[in-house]
Amino acid sequence: MTTSPYLQRAHKPLKNQLKGKELLDSSSLNKGSAFTKEERESLNLEGLLPPQVRTIEYQLQMEYEHMHQKKDDLEKLIGLLALQDRNETLFYRLVIEHLEETMPLIYTPTVGKLCEKYSHLFRRPRGIWITPDDIDNIPKILSNASEEEIRLIVVTDNERILGLGDLGAGGIGIPCGKISLYCAGSGIPPWATLPISLDVGTNNLDLLDDPFYLGYKQRRLKGKEYQEFIEAFIEAVKEVYPRALLQWEDFKKENAMNLLTRYHRRIPCFNDDIQGTASVAVAGVFSALRKNNTSIKDQRIVFAGAGAAGVGIGDMIKMAMKDENIDPELLDLSVVYVDSNGLIGHGAQRREAYKQKVALSDTAMQHYGFEENRIYSLFEVVEKVQPTILIGTSTIPGLFTEKIIREMAAYTENPIIMPLSNPSSKAECTPAEALRWTEGKATVATGSPFSPVSYDGKVHHIGQGNNVFIFPGVGMGCILSEAMEVPNEFFLTAAYTLAGLVSDEQLAKGSIYPQIDDLRKVSKEITIAIMKKARDMGLGRLLDDEEIEELVTKSIWYPSYQKYV
Ligand code: NAD
């Protein structure tokens, strides 16, 4: 078996054997007060540190205490990033040991606040910025970024940062945060990663007017020039880091879909907002079906919302139905979309081309008794289709009314209700409402976290479809198997694997996702599953199951201090 020694190193190599202050200033090698007496002597550190030698456990306790002394979440994040700049090993240990607590800081929602104020809070750069002026110089910039071989790139053009819109150069906080989750979640070593902001300008007037704004002070590049810039970027990535996996992050919807279509065969890449989201939502559906002891091909699903999220989830559900050899006539009836103009049926006029693709067929319209050229509301669609699963990706709070939910519950014994819109204030209904209006029958999962709900003496845990269960494992699986492309089948495999990791006990409590604290275990299983799938599809390395498991186990990076003498 050829192995992947680069990823199997437990530690970043001591290339130039740094000493003294330089060693303390290297975030990936610094151990702070944990340098031993012998190390201090041989590495010219005598006198540069206070005399007591501490263990990493002691340091962790101290950092955790520091984090808690800060009352404001943004301040906590700033403190954590300072730790990352000072001592990367300690930062990742802290994140891994307190995942549930640190994740909302290093990623959404707190990181969004950092992106908004980026130019005013700027301290040390992390990642790289590439502007239109650099179009002929991108390979050089990529080479400047690292002395190591990069295997994972997360790139944004900053146009649709979380739900916050165009944040210009400050959007870099998102690829940085996401990469931290990759490293903490699946053990991709930080030195093999690179966050990138394609700073193509901004249409955010507040930023353009801000004298402190650090980004490219022009309106956004668009049209042909934008396409040429992206093309130059991709060619440069292929030249400088030919083995890198690339994740598109927070591009606006049309660009996200176009870029994925254009590049998915030219470079191993995927879009987490589209594919990761679909995968985690479908995993939730699989778990809920397991709880109800029924199969995907027996479901009718109504989507309220036909944007990137809804369409991605629906496509993957259809893929799963085909996997179960569903009768094509049933498949045609099984997924129905409603958007802001009502039912998307045969003949419906929609501006977006992708909506035409999800329109209900003429035959299905007749089957359900829908007339062409009439607008049907969500209630009318639920009444006629009688869905077993109702999924909300509309961003409209309160869209799932009592009338709609009661109608659904009237004929479905085990309704599955997923108000996925984020943040929690935008959820189509609250879990408490879904449970009350279905008299406790519903299985509910949301996009944002909600507290457990008590109904009729039973406590229902509410699963949160968080993409972090999916992308670290998929990414690591692609990297280790050196996959040439990242097809949707990988995300379906990840969904099956994730659903299989929810215990019967968790299911009985209504929770259809694992605990966040199990993230490393979940990611490892998904990594293995992706490598097997890549091999079976002829897209990845030809290793047998045992070799795959061995390689994955060896390659997972865990932050601990290396002995330097
Ligand atoms: P989008 O803007 O692309 O799509 C929104 C869709 O909702 C559009 O098709 C729009 O026509 C439709 N819509 C608007 N008003 C409606 C109404 N009254 N009735 C029915 N449909 C209506 O957004 P998106 O990227 O698809 O994301 C949608 C939501 O899903 C967001 O809140 C996002 O946070 C959430 N989401 C959740 C997860 C998750 O749970 N992991 C992942 C991604 C997105």
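Here the structure is a predicted model, which means the values were calculated and not measured. Atoms within each ligand, like the ligands themselves, are counted from 1 in listed order.
- Ion pair E159/K222 not flagged as a salt bridge, since none of the NZ, NE, NH1 or NH2 atoms sits closer than 4.0 Å to an Asp/Glu carboxylate oxygen.
- More than 12 heavy-atom neighbours from other residues, nucleotides or ligands sit within 6.0 angstrom of CG on D72.
- Within the set A281, G307, P419, A306, the minimum heavy-atom distance to atom 4 (O) of ligand 1 is found for G307.
- In terms of polar-atom proximity, I396 is not counted as a contact of ligand 1, lacking any N or O under 3.5 Å from an N or O of the ligand.
- Atom OG of residue S511 and atom NE2 of residue H460 lie 12.5 Å apart, to the nearest 0.5 angstrom.
- Look at R290 and D504 and you find a salt bridge, because one of the NZ, NE, NH1 or NH2 atoms lies within 4.0 Å of a carboxylate O, short of that distance.
- Distances between N or O atoms of Y354 and those of ligand 1 include no value under 3.5 Å.
- Residue R160 places a heavy atom less than 4.0 Å from ligand 1.
- For the pair F270/F490, no side-chain contact is recorded, criterion being any heavy-atom separation below 4.5 Å from C-beta on.
- For ligand 1, the atoms sitting less than 4.0 Å from at least one non-hydrogen atom of K355 are 9 (O), 11 (O), numbered in the order shown with element in parentheses.
- Near T277, the atoms of ligand 1 lying under 4.0 angstrom from a non-hydrogen atom of the residue are 38 (C), 42 (C), 43 (C).
- E352 does not count as a contact of ligand 1, since none of its heavy atoms falls under 4.0 Å from the ligand.
- No side-chain donor from either of Y513 and Q506 sits under 3.5 Å from a side-chain acceptor of the other.
- Closest heavy-atom approach to atom 44 (C) of ligand 1 among the candidates P423, A309, G398: A309.
- In the displayed structure, E225 atom CD is contacted under 6.0 Å by at most 12 heavy atoms of other residues, nucleotides or ligands.
- In this comparison of G465, S340, G392, the heavy atom closest to atom 10 (C) of ligand 1 sits on S340.
- Between the side chains of E254 and Y354, no donor-acceptor pair is found at a separation under 3.5 Å.
- Remark: ligand 1 atoms within the under-4.0 Å shell around heavy atoms of G447 are 40 (O).
- Closest heavy-atom approach to atom 14 (C) of ligand 1 within the set G342, S394, P397, G312: this belongs to S394.
- Taking any N or O of T395, backbone or side chain, none lies under 3.5 Å from an N or O belonging to ligand 1.
- Residue-level proximity to ligand 1 for L399 is carried by the side chain, the only part with a heavy atom below 4.0 angstrom.
- Shown here, atom 34 (O) of ligand 1 is in close reach of the protein: a heavy atom of it lies under 4.0 Å off.
- Checked for salt-bridge contact, E249 and K178 meet the test: a charged N lies under 4.0 Å from a carboxylate O.
- Residue-ligand proximity, L420 to ligand 1, at heavy-atom distances under 4.0 Å covers atoms 35 (C), 36 (N), 37 (C), 40 (O).
- Each of the atoms 41 (N) of ligand 1 lies under 4.0 Å from some heavy atom of N467.
- Taking any N or O of N422, backbone or side chain, at least one lies under 3.5 Å from an N or O belonging to ligand 1.
- In terms of protein heavy atoms, atom 12 (C) of ligand 1 is closest to G305 CA, 3.7 Å.
- Ligand 1 has no atom lying under 4.0 Å from any heavy atom of L378.
- Residue-ligand proximity, V338 to ligand 1, at heavy-atom distances under 4.0 Å covers atoms 20 (C), 21 (N).
- Shortest contact from atom 5 (C) of ligand 1 to any protein heavy atom: T393 O, 3.5 Å.
- Using a 4.0 Å cut-off between a side-chain N of Lys or Arg and a carboxylate O of Asp or Glu, D339 and R350 qualify as a salt bridge.
- Few gaps surround CD on E324; more than 12 heavy atoms of other groups in view lie less than 6.0 Å from it.
- Considering backbone and side-chain atoms alike, K253 places an N or O below 3.5 Å from some N or O of ligand 1.
- In summary, K113 and E116 do not engage in a salt bridge, as defined by a charged side-chain N under 4.0 Å from a carboxylate O.
- Salt-bridge check for K253 with D273: failed, with every basic side-chain N at 4.0 Å or more from each acidic carboxylate O.
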